Every structure is written in C-alpha cells, then in structure tokens.
Engineer: 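Have a look at this one.
Atoms within each ligand, like the ligands themselves, are counted from 1 in listed order. For clarity, every value in this text was computed on a predicted model and none was experimentally measured.
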Amino acid sequence: MSCSLAIILKTVNRNSLIVKQNTIMKLGIIIPCYNEEEGLSETTKQLQLLIDVMMNENKISKDSFVCYVDDGSKDNTWQLIEGFKQSNPIFKGIKLSRNFGHQNALIAGLMQLKDSADALISMDADLQDDVNIVKDFVQKYSEGYDVVYGVREDRSQDTKFKRGTAEFFYKFQRFMGIETIHNHADYRLLSKKALEALSQFKEVNLFLRGIVPLLGFRSCSIHYSRGERFAGETKYPLKKMILFALEGITSFSIIPLHMITIIGFILFIFSLVAIVWVAVEKVFFGDAVQGWASTMISIYFIGGIQIMSLGIIGEYIGRNFQEGKRRPRYIIDKEV
Ligand code: UDP
Ligand code: MG
C-alpha cells in the first residue's frame, strides 16, 4: 500500500517537473523612447516579426508583449505607440508625464511590468542593438540564468568620438572601483526574481549598469556587434554623456572623496617639510629668499586643489540632497 503510494507520489513529482520545464515563458520587452518618431515604425516591424517567429516556435508564450515607455517625447512618438497598440495587442505603451531621462524611463517600464512577465528585456528604440539576440537571451533564461547581459563586440559603427569617450569612461570607472560589465549598456534580460531584487534599490540617481551586477544571481553575457542608429539622432549629446558618467561615479564610488583626503595629507606633509626647510635656511644660513613667485604659485596651487576638493564634496552632498527628498523616479500620465 505505502509502496504504491510512493510510486504515485514519485510520478506526480516527475510530471510536475516536466510541466515546469515545458512551461513556455512569458517575455516582455521594454523600450524607452524619447522623440523616436522617425525610427519607431521600423523597430516595431522588426520586433513584430521576431515575436511572431518566437511565438510560433513556442519559445515564448502568446501573451508576451513589447512595452514602449514614452519619456515625455515632444514629437509624435506617443501617437505612434497608440497606433501600434490598435493594430496589434502585443504592443503596450506607458506615457510618462514629462522627460525623466533614459534610466528613469527604463526603471518605469521594468517596475510597472515586473509582475506581468517571467522575464523582461530592456532595449533601445533605435535598432542599434541587434534584435535577434532576444532569442539567445530567452535561450539563456531557459537554461536558468536570471541576468543576461548583451555585450557589444564590435563598435565600429559608433562614431570615433563615442567609442573613445566610452572607452575612457569604462577605464575610469574601473579605476574608481566600480564594477560594470565592459561594453554592456542597457540591453539585458532580467528574470522576475532579479526584477524583484532590483525593486528594492530605491535610489533616485539611477545608474542601472552599476546596480544590476550588485543583484547577484546566475548571470552570463551574449556578444553582438552594434549597428548604426536606424533613424534620428542620438539622445545622448556630450553634455548628457558627461552628466551620466558623473552619475555613474558619484552614485557608486567614494574613491574621489578618499583621493581628496590623500591629496590633502600629502600637501600637509609637503608644507611641514617646507616650513622646516625655510626655518633651517633662516636660522643656520640666514639667507632665506623671500620669493614672490613661489608664494604666488603655492597660493594658486593650494587654492586650486581646495576648490576642486570642495566641488567633489559638493557633488556627493548634492546626491545626498536629492536622495534625501525621496522624490518619485517617474510619474505615469497614461497607459495603453
Ligand atoms: N531615451 C529616453 N529618454 C531620454 C534620452 C533617451 O528614453 O531622455 C531613450 C532613447 O529614445 C533610446 C535610448 O534611450 O531608445 C538610448 O538613447 P540613444 O540611442 O539616443 O543613446 P546612444 O545609443 O546614442 O547612447
Ligand atoms: Mg542608440
């Protein structure tokens, strides 16, 4: 009797395991858009094609979706999104009340939809990131990975300037002790579990590339070559890029503050030596030179370092000020 019960239980267990393995995952793709009217139709066309294929191959469930997050666009981006929704229910849209910036638009989409799918993929609207990699992302997810990073192998399509500045930024970040995945931007898959963990990070100054590696979980990378922007121009001009880089450093590293302390200490020792040296010259040799130049130089030197140090400290106080207010990271106007 107990033996047959054990057999029945075993069979039930095995069957439930099989069902779990065979469950088709529900995928969501989140795409932040800011003034993307020129390229969005093409992006939609390509995604629709891809999703149809994946649905037919039973790689993703029939209720998988693509959600555009309109980050306060001033052009017809939102009207386009509403149109996509009408022509095909796999498309969804979230309209933010104003422009909150790429990272905030991304977190808006991820947080709003984290409970509606098994995993979410974030992607740019401009087709610079190969959409076919989505298949590999899903494959890795089914192999049990919770975080899959898209890594740009070949950036020859980016401008020299963009490549150079990006390279400098990655190196500088590493120097500052910030762990990010080299050549990975915001093209990645996050499982529901990883998204749940991400929702616990409440910071207002967002730098997702720095946060995601802190989540932990099983992760891997997929390499692809980065294409050209399909249409329109970059929404990251130099000024935004510098601010973003600064965000990445000041919200993840306190090494600049340590450096100020170290520079201050070295200068302090240096000035002590100088005082002793001047005293010795005066007392024993009586010929201390009252140099105007050296005085002026040291005033400028110390002054410069002081102002720079105050600036860096100010950056951190500024972050604290912003985080302390706990303002919402995004505000939704409407959803379709
Ligand atoms: N983006 C956004 N809000 C912004 C700036 C950009 O939602 O304030 C979106 C933009 O529409 C695109 C993605 O973020 O889908 C990345 O921007 P972009 O392609 O211009 O950056 P780049 O590839 O040049 O670094
Ligand atoms: Mg781009």
Engineer: Does Glu42 form a salt bridge (Lys or Arg N to Asp or Glu O under 4.0 Å) with Lys45? I'd like the steps, not just the answer.
Structural biologist: CA-CA 5 Å; Glu42 179 61 26; Lys45 210 167 85 192; 3.5 Å; yes

Engineer: Between Phe91 and Phe65 (judged by ring centroids, cut-off 6.0 Å), do the two rings come close enough to count as a pair?
Structural biologist: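 Here the rings of Phe65 and Phe91 have centres that are no less than 6.0 Å from each other.
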
Engineer: Using 2.8 Å as the threshold, say whether any N, O or S atom from Tyr236 sits that close to the Mg ion (ligand 2).
Structural biologist: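 False for Tyr236.
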
Engineer: Taking 4.0 angstrom as the limit and counting only heavy atoms of Asn99, give me the atoms of ligand 1 inside it, by number and element.
Structural biologist: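 Heavy-atom distances to Asn99 below 4.0 Å select 3 (N), 4 (C), 8 (O).
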
Engineer: Which residue owns the protein heavy atom closest to atom 18 (P) of ligand 1, what's the atom, and how far is it?
Structural biologist: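 For atom 18 (P) of ligand 1, the nearest protein heavy atom is Arg229 NH2, 3.4 Å.
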
Engineer: Looking only at N/O atoms, are Glu233 and ligand 1 under 3.5 Å apart anywhere?
Structural biologist: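 No - when backbone and side-chain N and O of Glu233 are compared with those of ligand 1, no distance drops under 3.5 Å.
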
Engineer: Okay, side chain of Asp126, backbone of Gln128: is any donor-acceptor separation there less than 3.5 Å?
Structural biologist: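 Present.
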
Engineer: Give the residue and atom name of whichever protein heavy atom lies nearest to atom 21 (O) of ligand 1, and the separation in Å to one decimal.
Structural biologist: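 Protein heavy atom with the smallest distance to atom 21 (O) of ligand 1: Tyr236 CD1, 3.2 Å.
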
Engineer: Which atoms from ligand 1 have a heavy atom of Asp126 less than 4.0 Å away?
Structural biologist: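 Those of ligand 1 that fall under 4.0 Å from Asp126 are 19 (O), 23 (O).
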
Engineer: With no hydrogens and no angle check, just 3.5 Å: does a side-chain donor-acceptor pair link Gln103 and Asp186?
Structural biologist: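 Checked: Gln103/Asp186 side chains pair up, N/O donor to acceptor below 3.5 Å.
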
Engineer: Relative to the heavy atoms of Cys33, which atoms of ligand 1 are at a distance of less than 4.0 Å?
Structural biologist: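 By the 4.0 Å cutoff, the relevant atoms are 7 (O), 11 (O).
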
Engineer: Would one find more than 12 heavy atoms of other residues, nucleotides or ligands at under 6.0 Å from atom CZ of Phe175?
Structural biologist: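 No.
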
Engineer: Pick one of side chain, backbone, both or neither for how Leu106 approaches ligand 1, counting any non-hydrogen atom pair under 4.0 Å.
Structural biologist: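 Looking at Leu106 and ligand 1, no heavy atom falls under 4.0 Å.
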
Engineer: Can you tell me which residue and heavy atom of the protein come closest to atom 25 (O) of ligand 1, and the distance to 0.1 Å?
Structural biologist: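 Result for atom 25 (O) of ligand 1: Lys162 NZ, 2.9 Å.
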
Engineer: Of the protein's non-hydrogen atoms, which lies at the shortest distance from atom 6 (C) of ligand 1, and what is that distance?
Structural biologist: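 Checked against all protein heavy atoms, atom 6 (C) of ligand 1 sits closest to Lys235 CB, 3.5 Å.
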
Engineer: Would you say the side-chain atoms of Thr77 and Glu36 include a donor-acceptor pair closer than 3.5 Å?
Structural biologist: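 Absent: no donor and acceptor within the cut-off.
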
Engineer: Would you check if Glu167 and His182 make a side-chain contact, meaning some heavy-atom pair closer than 4.5 Å?
Structural biologist: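 Side-chain contact under 4.5 Å: yes.
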
Engineer: Just to be sure I read this right, does ligand 1 sit under 4.0 Å from the backbone of Asp71, its side chain, both, or neither, counting only heavy atoms?
Structural biologist: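 The answer is the side chain.
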
Engineer: Suppose we measure from atom 9 (C) of ligand 1 to each protein heavy atom; which comes out shortest, and what is that distance?
Structural biologist: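 Here the closest protein heavy atom is Pro32 O, 3.7 Å.
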
Engineer: Inspect the surroundings of CZ in Arg174 and state if more than 12 heavy atoms from other residues, nucleotides or ligands are less than 6.0 Å away.
Structural biologist: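 Open: at most 12 neighbouring heavy atoms sit under 6.0 Å from CZ of Arg174.
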
Engineer: Heavy-atom distance under 4.5 Å between the side chains of Asp71 and Cys33, does that happen here?
Structural biologist: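 No, every pair of side-chain atoms sits at 4.5 Å or beyond.
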
Engineer: How far is atom 11 (O) of ligand 1 from its nearest protein heavy atom, and which residue and atom is that?
Structural biologist: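 Here the nearest protein heavy atom works out to Glu36 OE2, 2.6 Å.
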
Engineer: Out of the N/O/S atoms in Asp126, what is the name of the one closest to the Mg ion (ligand 2)?
Structural biologist: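 Closest to the Mg ion (ligand 2) among those atoms: OD2.
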
Engineer: Taking the six-membered ring for Trp, are His102 and Tyr236 closer than 6.0 Å centroid to centroid?
Structural biologist: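 Yes, the ring of His102 comes within the 6.0 Å limit of the ring of Tyr236, centre to centre.
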
Engineer: Going by distance only, is there an N or O of Ala105 that falls short of 3.5 Å from an N or O of ligand 1?
Structural biologist: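 Among all N and O atoms of Ala105, none is under 3.5 Å from an N or O of ligand 1.
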
Engineer: Fit a plane to each ring of Phe137 and Tyr187, take the angle between them on a 0 to 90° scale, and name the class: parallel (under 30°), tilted (30 to 60°) or perpendicular (over 60°).
Structural biologist: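 Ring orientation, 0 to 90° scale: perpendicular.
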
Engineer: Would you please determine whether Lys240 falls within less than 4.0 Å of ligand 1 on a heavy-atom basis?
Structural biologist: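 Yes, that is the case, since the closest heavy atom of the residue is under 4.0 Å from the ligand.
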
Engineer: What's the shortest distance from atom 24 (O) of ligand 1 to any protein heavy atom, and which residue and atom give it?
Structural biologist: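 Looking only at protein heavy atoms, the one closest to atom 24 (O) of ligand 1 is Thr234 OG1, 2.5 Å.
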
Engineer: Note the single closest protein heavy atom to atom 14 (O) of ligand 1, along with its residue, its atom name and the distance in Å.
Structural biologist: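 Checked against all protein heavy atoms, atom 14 (O) of ligand 1 sits closest to His102 CD2, 3.2 Å.
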
